[in-house]
Amino acid sequence: MTTSQSNAAGHPADRGDCHPQTLLLLGASGDLADRLLLPGLGRLVATGDRPNLTLLGSGVDDWDDERWRRRVADAFAAAGATGPRVKEVVRTTCYLPADVTKEEDLRRLLSNCHDQLVIFFALPPAITAKAAAALTRIGVPPGTRLMLEKPFGTDAVSARSLNEVLARLVPEEQVYRIDHFLGKSTVMNILGLRFANRIFEPMLTSTHVACVDIVFDETLGLAGRAGYYDGAGALIDMVQSHLLQVLALIAMDAPPTLAARDLRGRKAQVLRATRVWADDPATWSRRGRYAAGEVNGKRLLGYADESGVDPNRGTETFAEVVLCVDTWRWAGVPFRLRTGKGLAARRKEAVVTFKQPPRVPSGLIGYDQPDRLRIGFGPDRLGLDVNINGPGNPLELGQAHLVADFGPGGLPPYGEVLRGAFDGDPTLSVRGDTAEDCWRIIAPVLECWRAGAVPLREYPAGSWGPEDSLLIPVPGVATGG
Ligand code: BG6
């Protein structure tokens, strides 16, 4: 499914195909641009949707146009993006080396941008903050849109001060705080599943739901990203951003429309009501770090031995936290968010576990599993575990697993979020107050971990995580996997 083509003000979206646009990519020589942004852009351009787009790359590396064009061409080709529009973007793109924390360099960059401008900050938070502050001193052309990669700031205070700086540059509707999970087709499918069916939505309340698990287990290790990851860790890298966004989409009330104002308003409401279970992060969070091991037959170096990692920082590669969403609908239902790297198997799904039926009639035997709704984020699928009479003895229950594959979306997530910014539709980006709130939610956990109140447990790469990574059991709640 796709999102509304209306912008925040409810007007028809400001389609980029009507006028020329320039995407100024800051951090163009970095890893994020190469792995995710350029492939997403290539696929978007290949759709023919952006006939008047010019790409301008800028980075600290002293590259020339030719080297940059090679990088863009390779990234587009690897993403399977082909066609005349793609060739045109590669042919016309230029690269300007710059230190974007310096006003004179920014001035030079802006003097090369003549169309409606979209600036993508693919930079570490501290550099983004400095570049944005420098921009306030020189100004940006009217109508400029700003896209900022996560993490947005490094805590609630820095997020607030970055929001204040951005507000001096452009109106909030022109700020796109990127969370590429919001561009994943399955994450967007949560909206269709919940609000275009009668059968699920009335069940998604504390009356019927025992708990909600949002799990993102990866087999991948650090993958050469120490420079960023060692300063972040699993809680900031995944929970503070992606998993809280998924929680918001699962827990929010129905928005009247999918326009940015309605959808983001609903998400903001639910996140404002979210906090650590029992306000006790020492009990309701866990952290771990993978040691050397084998994942899918491949040796993985221990995280602490990876080049660029400072083992004394104690950065976690596994994080789990239990949250409550203190609303009428959800009070008393634990939301368990978990993510880890270097684990035995990929498991990327949100699972809604329902309470037991009020009474299973005696005579029906073998009830031992609650029913569950599963929303898979890779593979993209919907699953329903239901108890039915099994084969053989007709009175004996068995669990059936109904599965529907969604198939991948038309565009990769970065293609979707870029399209939102080009169209002037911030629906798929994170609103400023929400970015601050997500830091507020995890702050007590970070504080507690930094104070050493929760041990950093080692787990061998290729295992299921610390202590077999059973999700933290919540007393009095029938949960399970
Ligand atoms: C990124 C995180 O934002 O999301 C990575 O920085 C993580 O650590 C990735 O692996 C997961 O997203 P995807 O789209 O690769 O499933």
Side-chain angles (χ1 to χ4, degrees), residues 27 30-41 43-44 75 78-79 120-125 128 147-154 176-190 214-247 249 287-290 295-296 300 303 306 308-309 315-320 337-343 345-350 375-381 406 408-418 428-430 435 438 442 461 465:
D31 163 72
L32 175 81
D34 191 37
R35 275 187 316 116
L36 296 166
L37 247 159
L38 289 175
L41 179 68
R43 292 275 297 280
L44 176 62
F120 199 122
F121 296 75
L123 301 167
T128 294
M147 300 185 76
L148 298 105
E149 184 49 45
K150 64 130 228 236
F152 184 82
T154 49
Y176 296 77
R177 294 169 196 80
I178 300 310
D179 190 305
H180 79 278
F181 270 44
L182 295 175
K184 281 182 187 274
S185 59
T186 330
V187 173
M188 285 200 253
N189 276 332
I190 293 172
I214 302 172
V215 177
F216 206 86
D217 291 351
E218 299 182 281
T219 50
L220 206 72
L222 184 60
R225 297 167 71 216
Y228 152 71
Y229 193 89
D230 205 38
L235 189 69
I236 290 175
D237 181 48
M238 290 295 299
V239 177
Q240 190 271 344
S241 47
H242 306 321
L243 302 194
L244 283 177
Q245 291 299 317
V246 173
L247 176 148
L249 290 172
R287 58 179 177 146
R289 181 169 74 177
Y290 67 79
V295 184
N296 293 335
L300 206 62
Y303 177 82
E306 289 272 12
V309 165
T315 299
E316 81 285 355
T317 59
F318 175 100
E320 182 173 321
L337 275 48
R338 182 185 86 194
T339 186
K341 289 198 183 287
L343 295 172
R346 290 167 46 151
R347 182 178 165 211
K348 303 177 176 181
E349 60 175 358
I375 303 163
F377 306 121
D380 292 345
R381 63 169 52 136
F406 291 135
L411 279 180
Y414 272 89
E416 285 290 353
V417 294
L418 280 164
L428 296 186
S429 74
V430 177
C438 290
I442 66 151

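Remember, it's 1-based here, ligands and their atoms both numbered in the order they're listed. All of these numbers come straight from a predicted model, not from anything done at the bench.
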Residue from Arg338, Lys341, Arg346 passing side-chain hydrogen bond (donor to acceptor under 3.5 Å, both in side chains) with Asp217: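 So, applying the side-chain hydrogen bond (donor to acceptor under 3.5 Å, both in side chains) to Asp217 and each of Arg338, Lys341, Arg346, only Arg338 qualifies.
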
State the atoms of ligand 1, each with its element, that fall below the 4.0 Å cut-off from a heavy-atom position in [X].
| X | result |
| --- | --- |
| Lys150 | 1 (C), 2 (C), 3 (O), 6 (O) |
| Glu218 | 7 (C), 10 (O), 11 (C) |
| His242 | 1 (C), 3 (O), 4 (O) |

Looking only at heavy atoms, the pair that brings Ser185 and Asp380 closest together is OG-OD2, 3.6 Å

Would you name the heavy atoms of Leu32 and Ala122 that are closest together and state the gap between them?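 Heavy-atom minimum between the residues: CD2-CB, 3.6 Å.
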
Protein heavy atom under 4.0 angstrom of atom 12 (O) of ligand 1, is there one?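 Protein heavy atom within 4.0 Å of atom 12 (O) of ligand 1: present.
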
Parallel, tilted or perpendicular: which describes the rings of Tyr414 and His180, with under 30° parallel and over 60° perpendicular?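 Plane angle under 30°, so parallel.
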
Would you compute the distance between atom CD of Gln240 and atom CD1 of Ile442 and round it to the nearest 0.5 angstrom?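 Between atom CD of Gln240 and atom CD1 of Ile442 there are 5.0 Å.
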
Side chain Thr186, main chain Phe377, donor-acceptor under 3.5 Å: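 Between the backbone of Phe377 and the side chain of Thr186 there is no qualifying donor-acceptor contact (under 3.5 Å).
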
Give the residue and atom name of whichever protein heavy atom lies nearest to atom 6 (O) of ligand 1, and the separation in Å to one decimal. Asp237 OD1, 2.5 Å

Distance to 0.1 Å, residue and atom name: give those for the protein heavy atom nearest to atom 16 (O) of ligand 1. Lys184 NZ, 3.0 Å

Heavy-atom contact check, 4.0 Å cutoff: does Phe377 meet ligand 1? no

Given Lys341, Lys348, Arg225, His180, identify the one with the heavy atom nearest to atom 4 (O) of ligand 1. His180

